[in-house]
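Quantities reported herein were computed from a predicted structural model and do not represent experimental measurements. Within every chain, numbering begins at 1; the chains are lettered A, B, ... in the order of the sequence lines, protein sequences first and strands thereafter.
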Amino acid sequence: MIKIRIDDKIEETDKANAKHKLIQQGAIAIKVNGKVIDLNEIDSIDDNETIEPVSINTSEGLEIYRHSTSHVMAHAVKILFPDAKVAIGPATDDGFYYDFDIERAFTPEDLEKIEEKMREIISENNAFVKKVIKREDAIKLFQQKGEDYKVELLQEIQDDEVTVYEEGDFVDLCRGPHLPSTGYIKAFKLLSVAGAYWKGDERNKMLQRIYGTAFGNEKELKKYLQFLEEVKKRDHRRLGKELDLYSINEEIGPGLILWHPNGAIIRKCIEDFWRDEHLRAGYKLLYTPHIAKLYLWQKSGHWDFYRENMYSPMEIEGISYELKPMNCPFHIAIYKSSLHSYREFPIRYAELGTVYRYERSGVLHGLLRVRGFTQDDAHIFCREDQIEEEILHVLDFTLFILKTFGFDNYEIYLSTRPEKFVGTEEDWERATNALKQALQHKGLDFELDPGEGVFYGPKIDIKVKDSLGRPWQCSTIQVDFNNPERFDVTYRGQDGKDHRPIMIHRALMGSLERFFGILIEHYAGAFPLWLSPQQIAVITVADRHVEYAEKIMDTLRREDIRVEPFFENEKVGYKVRQATIRKIPYSVIIGDKEIDSGLLTVRRRTGQQSGPYRIEELIERLKREINSRSLELTL
RNA sequence: GCCACCGUAGCUCAGCUGGUAGAGCAGCUGAUUUGUAAUCAGCGGGUCGGGGGUUCGAAUCCCUUCGGUGGCUCCA
């Protein structure tokens, strides 16, 4: 007799019945003592153990399900392309992949054929059979099959025994666990082919990776595919073109952003907001140059640590200058231009500083990964004992800024001391604790990211979740022990002596370009009123209404409301459509009715109408919505 | 940087196995003067990303280069 736990109820039964019951509960694997194993292994379980079902509705279950699907895919590939060598094929967060070494390139048509073959294998309902064999035997087995990558993996395994899984006539080295049989797979799709280095090392051979995904049923798969469609629709590169927000020009250079008028006005709104709030939060604004002597970066250590991301120096009158990859040395120079007392602390310097970093061509991506970008940067100088309080201040400020754009879901990471570091272990300990305490004080959940800190200090990273639930790394708050030392930054303490301050680097939006890209996708191009390039479309019914419409436009414009005329000789429906496509929040139509009554009816870009309003009332409502930076349309 | 794929009018795309380019939208002109997501007609627009080659002949095949896309690697 063994025990099974279903919905927290424990039941004692014999093994055959237990298995039956577990399957009834949707089990595709089982959990014993916290360890997930094959459902088929139930027979080898000791009596008295308690077994729990693992269903596909759990992350563990889904992982097994997808992992098994990747095996079926490898099996199908081996049938269709016997020359292909299999490498590795795990489940991922949203699907699975398998890497193959094969001469020919997989085409989209190949994927269809592979899918077809996979369906066959699934309909055969082959059992996944686990076998424990001696390592040497496994090596022989895979050598015979010509599976060099498996042999290489085996040679790195220390254990005497390894497990292989057999499914039909496909054998794979695998830790498992797996589904009981291939017939359990109900819904899957192969999505794309991509190159991937063997073991992720760029010195190794480039293999071909097939990505796919699998779900418990067709409905969920369809939902996921629709999600991918939605992601495509919101792609900032597509919307950036459609809404004429920005462009990247081949002649100007990859990774360099041209902000068009529509994008520039959005950026202006963001920058104005950013500056006003920084002044309000006790920051002082700075401007600094785009280039500086190379020596500066040799001193800061960037030339040693990050030269790969810096552009080649340029000669000016025999001296090497360098395009700036960071703003900190400039802010330090400003700090050092006069003596500072502990009484001034914390000193907060902020700048929208444009930096240039070399990114390898393959990684550039729209606005999200570029070569020239503007950081919303700040450097805070304070005493070590002020770190926690200052971090609290920065956290509050960060969350306020992010929330204004509609980001109120976060993932927070605390990164600790890496292997290569400067400063003493005690410094790190104290600073890390200060960060941790600040987070706890705010009641913010965070994850530890051990060893992921920057060489000069620990940091807090904040990822925002957009309207589709996708995480984006934006904010970073970093403690720096390095630069104050390297640049001999000091302050005069209470004791009349010079001391070393701590520097805190922080960026809230990260880079304006990247943040803009995220915003485009977050709002799907439909910006809230305060950010919209055009806030209200004025549409005339016929030419005779233009004069009055112009008056309305002037009135609105004088109130700093961004108006766009639609006066062409077209039908109202056409012009309404144009305004809607451009995602202009509101439209008003000017015809005889409006002129006679002196009232205006407002149409939202979503189609609802409100009003009619007197012009003064309309202006007041618009301004209220703009000034409150409302995320919703309120008219 | 690496692997695969892609690059045709301002935009989205068609153009099979080589026979010197086509649609829709946008633009311009005209008619129409219109009431909440597309009025009709006409016109202009491309050395088919650049360079080289094969061929009687290249958007189409080959090489090379630039750029883009999906990944890998990287991301202070």
Undergrad: Tell me whether A/Gln226 at atom CD has more than 12 heavy atoms from other residues, nucleotides or ligands lying less than 6.0 Å away.
TA: yes
Undergrad: Could you tell me how far apart A/Leu111 (CG) and B/C5 (C1') are, to the nearest whole angstrom?
TA: 12 Å
Undergrad: Between B/C2, B/U33, B/A76, which nucleotide has the shortest distance from any of its atoms to the side chain of A/Ala542?
TA: B/U33
Undergrad: Does B/C28 pair with anything, Watson-Crick or G-U wobble, both distances under 3.5 Å, and if so, with which nucleotide?
TA: B/G42
Undergrad: Remember a base hit wins even if backbone is also touched, and classify A/Lys241 as base, sugar-phosphate or nothing at under 4.0 Å, heavy atoms.
TA: sugar-phosphate
Undergrad: Does the gap between the ring centers of A/Tyr456 and A/His505 come in under 6.0 Å?
TA: yes
Undergrad: Between B/A76, B/U73, B/G35, which nucleotide has the shortest distance from any of its atoms to the side chain of A/Asp592?
TA: B/G35
Undergrad: Which nucleotide, B/C3, B/G68, B/C72, lies nearest any side-chain atom of A/Pro254?
TA: B/G68
Undergrad: Would you say A/Ser361 reaches B/G1's phosphate, i.e. side-chain N/O to OP1/OP2 under 4.0 Å?
TA: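 Indeed, a polar side-chain atom of A/Ser361 lies that close.
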Undergrad: Under 4.0 Å, heavy atoms only, any strand: does A/Val454 hit a base, just the sugar-phosphate, or nothing?
TA: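 The residue A/Val454 makes sugar-phosphate contact but no base contact.
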Undergrad: With nearest nucleotides of RNA chain B determined for A/Thr476 and A/Tyr358 from heavy-atom distances, which residue corresponds to the more 5′ nucleotide?
TA: A/Tyr358
Undergrad: Look at the side chain of A/Arg544 against the base of B/U33 and say whether a donor-acceptor pair falls under 3.5 Å; ignore hydrogens and angles.
TA: no
Undergrad: Under 4.0 Å between a side-chain N or O of A/Arg603 and OP1 or OP2 of B/A37?
TA: yes
Undergrad: Using atom CZ of A/Arg360 as one end and atom P of B/C3 as the other, report the distance to the nearest whole Å.
TA: 12 Å
Undergrad: Checking all strands, does A/Phe305 fall into the base, sugar-phosphate, or nothing category for heavy-atom contacts under 4.0 angstrom?
TA: nothing
Undergrad: Could you check if a side-chain atom of A/Glu419 sits within less than 4.5 angstrom of a side-chain atom of A/Phe421, using non-hydrogen atoms only?
TA: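 Result no, sub-4.5 Å side-chain heavy-atom pair not found.
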Undergrad: With heavy atoms under 4.0 Å as the rule, sort A/Gly200 into base, sugar-phosphate or nothing.
TA: sugar-phosphate
Undergrad: Using both distances under 3.5 Å as the test, list the Watson-Crick or G-U wobble partner of B/A14, or none.
TA: none
Undergrad: Below the 4.0 Å mark, does B/G70 have OP1 or OP2 next to a side-chain nitrogen or oxygen of A/His365?
TA: yes
Undergrad: Could you state the CZ-P distance from A/Arg203 to B/C72, rounded to the nearest angstrom?
TA: 18 Å
Undergrad: B/C72 C1' sits how many Å from A/Glu202 CD, rounded?
TA: 9 Å
Undergrad: NA contact type, A/Arg357, heavy-atom cut-off 4.0 Å: base, sugar-phosphate, or nothing?
TA: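 A/Arg357: base contact, heavy atoms under 4.0 Å.
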Undergrad: Quote, to the nearest angstrom, the P distance that separates B/G49 from B/C40.
TA: 33 Å
Undergrad: Provide, to the nearest angstrom, the distance between the CD1 atom belonging to A/Ile248 and the C1' atom belonging to B/C66.
TA: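 After rounding, the gap between these two atoms is 15 Å.
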Undergrad: Determine whether a donor-acceptor pair (one donor, one acceptor, N or O, separation below 3.5 Å) exists between the side chain of A/Glu594 and the base of B/G35.
TA: yes
Undergrad: Reading nucleotides 26-31 of chain B from the 5' end, what letters show protein touch, with B for base, S for backbone sugar-phosphate only, - for no heavy atom under 4.0 Å?
TA: S-----
Undergrad: Expressed as a whole number of Å, how far does the C1' atom of B/G27 sit from that of B/U12?
TA: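 Those two atoms are separated by 16 Å.
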Undergrad: Hey, is the main chain of A/Met509 close enough, under 3.5 Å, to the side chain of A/Asp376 for a donor-acceptor pair?
TA: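 Yes: the side chain of A/Asp376 pairs with the backbone of A/Met509.
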Undergrad: Just name whichever nucleotide pairs with B/U69, Watson-Crick or G-U, keeping both distances under 3.5 Å, else none.
TA: B/A4
Undergrad: Would you classify A/Tyr456 as touching base, sugar-phosphate or nothing, given that sugar-phosphate means primed atoms plus P, OP1 and OP2, and contacts are heavy atoms under 4.0 Å?
TA: sugar-phosphate
Undergrad: Which pairs count as ring pair (Phe, Tyr, Trp, His ring centres under 6.0 Å) when at least one residue sits in residues 91-115 of chain A, sequence neighbours excluded?
TA: A/Phe81-A/Phe106, A/Tyr97-A/Tyr211, A/Tyr98-A/Phe100, A/Phe100-A/Phe106
Undergrad: Please give the distance between the P atoms of B/C61 and B/G45 as a whole number of Å.
TA: 28 Å
Undergrad: When the P atoms of B/G46 and B/G10 are considered, how many whole Å apart are they?
TA: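 Those two atoms are separated by 8 Å.
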Undergrad: Which one, B/C2, B/G67, B/U12, comes nearest to the side chain of A/Glu250?
TA: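 Closest of the options to the side chain of A/Glu250: B/G67.
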Undergrad: Is there any side chain to side chain donor-acceptor pair (under 3.5 Å) pair reaching into residues 594-603 of chain A, and which pairs are they, with sequence neighbours excluded?
TA: A/Thr580-A/Arg603
Undergrad: Whole angstroms only, please: what is the NZ-P distance between A/Lys205 and B/A4?
TA: 11 Å
Undergrad: Is the distance between the ring centroids of A/His522 and A/Phe407 under 6.0 Å?
TA: yes
Undergrad: On the nucleotide B/A76, are OP1 or OP2 found under 4.0 Å from the side-chain N or O atoms that A/Arg506 carries?
TA: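 For B/A76, OP1/OP2 do not have a side-chain N/O of A/Arg506 under 4.0 Å.
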Undergrad: Considering only B/A76, B/G71, B/A37, which nucleotide approaches the side chain of A/Ala194 most closely?
TA: B/G71
Undergrad: Are A/Glu521 and A/Arg470 ion-paired here, with the side-chain N under 4.0 Å from a carboxylate O?
TA: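 Yes, charged N to carboxylate O under 4.0 Å.
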Undergrad: Considering only B/U36, B/C74, B/G35, which nucleotide approaches the side chain of A/Arg369 most closely?
TA: B/C74
Undergrad: In whole angstrom, give the distance that lies between atom CD1 of A/Ile581 and atom P of B/C11.
TA: 18 Å
Undergrad: When rounded to the nearest Å, what value does the distance between P atoms of B/G50 and B/U73 take?
TA: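 It works out to 35 Å between them.
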Undergrad: Just compare B/G70, B/G35, B/G71 and give me whichever is closest to any side-chain atom of A/Ile589.
TA: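 Output: B/G35.
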Undergrad: Is the closest basic N to carboxylate O distance between A/Asp201 and A/Lys199 below 4.0 Å?
TA: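 Between A/Lys199 and A/Asp201 there is no salt bridge, as every charged N stays at least 4.0 Å from the carboxylate O atoms.
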Undergrad: Roughly how far apart, to the nearest Å, are B/G44 and B/U29 at atom P?
TA: 15 Å
Undergrad: For the pair made of CD in A/Gln208 and C1' in B/C72, what is the distance, rounded to whole Å?
TA: 13 Å
Undergrad: Do A/Lys324 and A/Phe330 form a cation-pi contact, if we require the NZ or CZ to be under 6.0 Å from the six-membered ring centre and within 45 degrees of the ring's axis?
TA: yes
Undergrad: Are any of A/Lys199's side-chain N or O atoms less than 4.0 Å away from OP1 or OP2 of B/C72?
TA: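 Looking at the OP1 and OP2 atoms of B/C72, neither is under 4.0 Å from any side-chain N or O of A/Lys199.
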Undergrad: Give one of base, sugar-phosphate or nothing for A/Gln478, where a contact means two heavy atoms less than 4.0 Å apart.
TA: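 Sugar-phosphate only.
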Undergrad: With nearest nucleotides of RNA chain B determined for A/Gly591 and A/Arg209 from heavy-atom distances, which residue corresponds to the more 5′ nucleotide?
TA: A/Gly591
Undergrad: Please report the distance separating the C1' of B/A59 from the corresponding atom of B/G15, rounded so that it comes out in whole Å.
TA: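 Looking at atom C1' only, B/A59 and B/G15 are 9 Å apart.
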Undergrad: Less than 3.5 Å apart, any donor N or O on the side chain of A/Glu351 or A/Thr288 sitting next to an acceptor on the other?
TA: yes
Undergrad: Nearest of B/C2, B/G1, B/G35 to any side-chain atom of A/Met206?
TA: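 Minimum distance to the A/Met206 side chain belongs to B/C2.
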Undergrad: May I ask you to verify if any side-chain N or O of A/Tyr586 is less than 4.0 angstrom from the OP1 or OP2 atom of B/U36?
TA: no
Undergrad: Expressed as a whole number of Å, how far does the C1' atom of B/G70 sit from that of B/C63?
TA: 25 Å
Undergrad: I want to know whether A/Phe515 and A/Trp472 have ring centres closer than 6.0 Å.
TA: no
